[in-house]
Amino acid sequence: MRGPLGAVIGRYTSSDGSEKDGIIKHNRKCRDITFLIIFIAFWVSMIVNSSFGFNQGNPLRLTYGLDYEGNVCGSKHRHRDLTKLELRYWLNPNQVYENGLKDGEHKLANARTICLLDCPAPSDDTLNWVCDYPDGEIRLKMSDWVDRNYDYFEFLTPEMRNSSLQLQGPCYPIIFPSVNVYWSCQYIARASNSSLRHWQQMGGVSIEEDMIIDKSIRRSLNSRASVLKRYVADIGKSWPVLIVCGGLVPLFLSIVWLLLIRHFVAAMPWITVVLFNMLLISVTIFYYLKAGWIGNDAVTPIIGEHDPYFHVYGRELTHVRGVAILMTFISVIAILTSIAIIRRILMATSVLKVAAKVIGEVQALIIFPAIPYAMLAIFYMFWLSAALHLFSSGQVVQNNCNNTNCCAYDLVLKKVNCDRCCGYSIRYTPHITIAIFFHLFGCYWATQFFVASSATVIAGSVASYYWAQGEEAASPEIPFLPVFASMKRLARYNLGSVALGSLVVSFVESVRFILEAIRRRTKVRGTTPDHWLGRMGYYTSRGCLKSVEWTLKSVNRNAYIMIAITGKSFCKSSAMATELIMNNIMRIGKVNVIGDVILFLGKLCVSLFSALFGFLMLDSHKYRDSHNKVSSPLLPVLACWALGYVVATLFFAVVEMSIDTIILSFCQDSEENQGNAQHAPSLLLETLDNNEEDVQRLTH
C-alpha cells in the first residue's frame, strides 16, 4: 500500500501534530538504469551513424545532377572546377529521344551530360553549338569556355567536325530551346527551324523532333526518388527559415502566451479558440495560393525567367493541392468543434487559473523551458546536418550499358571512344536506408526524451508547491528554488525512467508509421483486402494502434508526474497514476479534458503562426527564383510547424503539467484524508465542485 505523498515532497503534518521533514533526499534511488544505459549506447550509435554520413555524403547531390564524368554539378572536383556551373544539360537530343521510346534501349542516365552556367538557346540566323569541356588540343580555360557560350566549334579539326555532325561530339548543335527545371535544362519540343535548316545543310544526321524529347526529361525529374531528394534539399536550403520560424518565433510566442496566462487568464481560452481558427484559415489560404487556385502564384518547377506561355508539370504542385484540400477539411472540422466547446470554455478558465497561480508562486517555471529548448536546438542543428549528409551518402558509380549509342569523341585520346562511355548514377545500398531510418528514429526518441525530462522537472516543482504550501501555508514552506531541486532529482535518480517512457512512445509511433507505409504501398499495388471483413479488420487495426499511441502518451505524462513525486520506476509510477485517475475519473475527468483541449489549441496556434511566417519568408525572391530556390514550400513549412509545436510543447508543459500534477496530487491528498484534501488550492476545489454539479445535472 502506498505511503503518504506528503512525506515525499516538502513537509507534512504527522498524527501527533508535529511537522516532520520530508524524506525526498533520503528515500530515493536510481531507477530503470538498464534503459539509461541503452539510451547512452543509442546516442553513441547515433554519433557513429552520423559520422558515416559526414564522411560519405554530399548534400549538393540532392539538388544538382551528375555529368558524364560522375562529377556533381555546382561543386569543385580534383580535375575540374564546376563551382558555378550548376545546370545539367543533355548534349545529344537523339539520346534523350530514344529514352522516351517504349522499346528504347538507351536510358537517360547514360545520355551524355555536362554542367553549364545557364541553359543554351538556339539562334535565329545561324547554328549555335554546345561543346564538351575543353581538354586535349582544345587549350581553353573553363572560364573562357563559359565566356564563349560553350562554343569552340571553329577550333575543331576536320575529324572532330565530322564526328560532331554525327552527334558524337565534341560539339553538339543547339536545335531545341531549353528551360531551367530544377537545375536541369529541359528540352522544349519546338525545334528552331533556322538552326535545323543550317544543321541539315551542313550534312548532320537526322534529329528527332517528336514530343517524346520533352516528356523524357520531365518523367525523370518527376520520379519519386527525384522529388524526395528535392524535398530533403529544400530543408537544407531553408535553414534560416527553420531557425527563425521553427525556433525564434515559437520561442517568443510561447513566452508571451505564458505571460498572458499569468496575467489575463480569463480571456486566454477565448483568444486561443478564435486565434486558432483564424490562423488555420490563413494557412489554408496560403496553400490555395501556392496551388494556383487563388491568384497566379502557383508552385512552378521552372527557375528564372521563361516564356510565360510555357508550363511544366511538377509533382510538387499535386502535393500542394492535396494538402490544400486536406487543410480545407480540417478547417471546417475545427470551426464546428470550436462552436461545440464554447459552453465548456468557462470551465477551462477555472482550470487555467489554478495553473496561473502556480506560475505566479514558482516564477522560475516560465524561464526553465529555455534550458531544454537550448539543448534541443543544438541537437536539431547537429541532427539536420547529419540527415542531409546521410540522404546524400550513396556511391557515385558508372552504369553498365550494352548499347553503342553512347560513343563520343574523346579529346584526350583524339578519337571516338565507345569504351565505358556509360553515364554515372548514385547507388544507395540497403545499409544506407537502415542508417536513415535509424537516424529518424533517433530524432523522435531524443525529442520525446527532452520533452519528458522537461515535464518531469516541472511536475516535481509543482508537486513541491502543492504539498509544501498548498493554499494556506506560508511561503517559507516552499522548497528554495524548487525547479533546480527538481532538476537535480531528475539527473540523479530518474533519467532511466524518462528514457524508458520516451522509448515506449517512440517505438509505438514507429510501428504505426511502418504499418501506414505498408498500407500505402499495398494500396498503390491494389492489394487492399477486398472482402468487407478484411477491410474492417484492416482499418480497425489502424484505429486501435492510433488509440494505443494516444493512450500511452497520456499515461506517460501522468507517469512522469508520479516519478517526480515518488521517485518510483516508470512501470510502477504508471500503475499508481492510472489507479489514482480511475478512482477519481468522474470528479476530474471533464476538468482535465477541457483544459487539455485549450492547451492543445494553444500549441497549434503557436505552430500555425510559425508555419504562416514560414510561408511569408519562403515567398521572398531568395527562395523563389535564385540559387536557393526551394522546389515547394510544403516540407519547410511542415518542418516549421513541427518545430513550432515542439517548442510550444516545452513551454506549454508549464501549464499542462501544473494542472495535471495538482490534480494527481489532489487525488492522493483526498485518499490520504478520507476524501477531504488538506492541501488543495481553493480555486481547484471550486472548479471540481462546479464539475460535480454539471455531472449531477446530466445524470438527473
Side-chain angles (χ1 to χ4, degrees), residues 38-64 66 72 74-76 225-248 250 372-396 426-453 499 502-503 505-507 509-510 513-514 517 614 628 630-631 634-647 650:
I38 293 174
F39 185 69
I40 294 173
F42 185 85
W43 268 85
V44 174
S45 303
M46 281 277 290
I47 295 173
V48 173
N49 190 51
S50 301
S51 64
F52 166 78
F54 286 121
N55 185 44
Q56 300 292 331
N58 180 4
L60 291 177
R61 296 175 186 170
L62 300 172
T63 300
Y64 308 118
L66 304 176
V72 180
S75 59
K76 187 174 183 178
S226 298
V227 173
L228 177 60
K229 287 181 180 179
R230 289 198 294 269
Y231 277 150
V232 176
D234 289 344
I235 295 294
K237 294 174 189 174
S238 58
W239 64 265
V241 178
L242 299 184
I243 291 177
V244 175
C245 302
L248 300 180
Y373 167 85
M375 292 180 177
L376 265 180
I378 295 172
F379 168 74
Y380 281 149
M381 286 188 286
F382 163 78
W383 183 89
L384 179 59
S385 178
L388 292 174
H389 284 82
L390 277 172
F391 269 94
S392 60
S393 59
Q395 295 180 340
V396 178
I426 301 175
R427 184 169 300 168
Y428 294 91
T429 56
H431 77 272
I432 295 178
T433 304
I434 296 174
I436 291 173
F437 279 106
F438 182 83
H439 198 65
L440 293 172
F441 178 80
C443 177
Y444 194 77
W445 189 7
T447 301
Q448 291 295 324
F449 179 83
F450 281 113
V451 171
S453 298
S502 56
L503 175 62
V505 174
S506 302
F507 179 76
E509 181 68 16
S510 299
F513 174 80
I514 293 172
N628 288 320
V630 296
S631 63
L634 187 60
L635 203 59
V637 167
L638 181 61
C640 290
W641 178 87
L643 290 173
Y645 189 85
V646 171
V647 174
L650 288 175

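None of the values given here were measured: they were computed from a predicted structure.
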Undergrad: Just how far is it from atom OG of Ser506 to atom CG of Leu440, taken to the nearest 0.5 Å?
TA: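 It comes to 12.0 Å.
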Undergrad: What distance separates Phe450 CZ from Ser502 OG, expressed to the nearest 0.5 Å?
TA: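 Nearest 0.5 Å value for the CZ-OG distance: 10.5 Å.
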Undergrad: Of the non-hydrogen atoms in Ser238 and Val630, which two are nearest, and what is the gap between them?
TA: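 Ser238 and Val630 have their closest heavy atoms at CB-CG1, 4.5 Å.
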Undergrad: Are any of the side-chain heavy atoms of Cys640 and Val241 separated by less than 4.5 Å?
TA: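 With C-beta onward as the side chain, the pair touches.
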Undergrad: Is there a donor-acceptor pair closer than 3.5 Å between any side-chain N or O of Asp234 and the backbone N or O of Ser631?
TA: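 Pair found, side chain donor or acceptor close to backbone of Ser631.
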Undergrad: Quick one, Lys229 with Phe391, criterion side-chain contact (heavy atoms from CB on, under 4.5 Å). Give me CA distance, side-chain angles, the key distance, then yes/no.
TA: CA-CA 8 Å; Lys229 287 181 180 179; Phe391 269 94; over 6 Å; no
Undergrad: Nearest heavy-atom pair of Phe507 and Phe441: which atoms, and what distance?
TA: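 Smallest interatomic distance, heavy atoms only, reads N-CE1, 4.1 Å.
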Undergrad: Considering non-hydrogen atoms only, spot the tightest contact between His439 and Ala387 and give its length.
TA: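 That closest heavy-atom pairing would be NE2-N, 3.5 Å.
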Undergrad: Can you name the nearest heavy-atom pair linking Leu643 to Gly246, along with the distance?
TA: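 Between these two residues, the closest heavy atoms are CB-O, 3.3 Å.
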Undergrad: According to side chain to side chain donor-acceptor pair (under 3.5 Å), who are the partners of Thr429, at least two apart in sequence or on a separate chain?
TA: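 Once residues adjacent in sequence are excluded, the partners of Thr429 under the side chain to side chain donor-acceptor pair (under 3.5 Å) criterion are His431.
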Undergrad: Just verifying a value: how many Å separate Leu228 CG and Leu635 CG, rounded to the nearest 0.5 Å?
TA: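 Atom-to-atom, Leu228:CG and Leu635:CG are 9.0 Å apart.
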Undergrad: Taking all non-hydrogen atoms of both residues, which atom of Leu388 and which atom of Gly236 are closest, and how far apart?
TA: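 The answer is CD1-CA, 3.6 Å.
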Undergrad: For Gly57, is there any backbone N or O sitting under 3.5 Å from a side-chain donor or acceptor partner on Ser393?
TA: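 No.
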Undergrad: Please determine which of Thr63, Val227, Leu62 meets the side chain to side chain contact (heavy atoms under 4.5 Å, CB included) test together with Val232.
TA: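 Checked Thr63, Val227, Leu62 against Val232; only one passes side chain to side chain contact (heavy atoms under 4.5 Å, CB included): Leu62.
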Undergrad: Strictly under 6.0 Å, is that where the ring centroids of Phe42 and Phe438 end up?
TA: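 Between Phe42 and Phe438, the centre distance is under 6.0 Å.
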Undergrad: Evaluate whether atom CZ of Phe54 has more than 12 neighbouring non-hydrogen atoms of other residues, nucleotides or ligands under 6.0 angstrom away.
TA: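 Count over threshold, so yes.
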Undergrad: Using the ring centroid of each side chain, check whether Trp445 and Phe449 are separated by less than 6.0 Å.
TA: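 No, too far apart.
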Undergrad: Could you walk me through whether Phe39 and Leu503 pass side-chain contact (heavy atoms from CB on, under 4.5 Å), step by step?
TA: CA-CA 9 Å; Phe39 185 69; Leu503 175 62; over 6 Å; no
Undergrad: Applying ring-ring contact (aromatic ring centres under 6.0 Å, His included), name anything that partners Tyr380, two or more places apart in sequence or on another chain.
TA: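 Not a single residue meets the ring-ring contact (aromatic ring centres under 6.0 Å, His included) criterion with Tyr380.
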Undergrad: Could you check if a side-chain atom of Ser510 sits within less than 4.5 angstrom of a side-chain atom of Tyr444, using non-hydrogen atoms only?
TA: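 Not touching, per the 4.5 Å side-chain cut-off.
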Undergrad: Between Tyr373 and Val647, what is the shortest heavy-atom contact and its length?
TA: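 Closest approach of Tyr373 to Val647, heavy atoms only: CE1-CG2, 3.8 Å.
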Undergrad: Working to the nearest 0.5 angstrom, can you tell me the gap between Ser75 OG and Arg61 CZ?
TA: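 Reported value, rounded in 0.5 Å steps: 9.0 Å.
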Undergrad: Would you compute the distance between atom CE of Met46 and atom OG of Ser51 and round it to the nearest 0.5 angstrom?
TA: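 It comes to 11.5 Å.
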Undergrad: Report yes or no: does Trp239 contribute a side-chain atom to a donor-acceptor pair with the main-chain N or O of Met381 at less than 3.5 Å?
TA: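 Such a contact is absent between Trp239 side chain and Met381 backbone.
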Undergrad: Given side chains that start at C-beta, do those of Leu390 and Ile432 come closer than 4.5 Å, heavy atoms only?
TA: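 Counting from C-beta outward, Leu390 and Ile432 never come under 4.5 Å.
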Undergrad: Return yes if some donor-acceptor pair links the side-chain N/O of Asn628 with the main-chain N/O of Lys237 below 3.5 Å, else return no.
TA: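 It does not hold such a pair.
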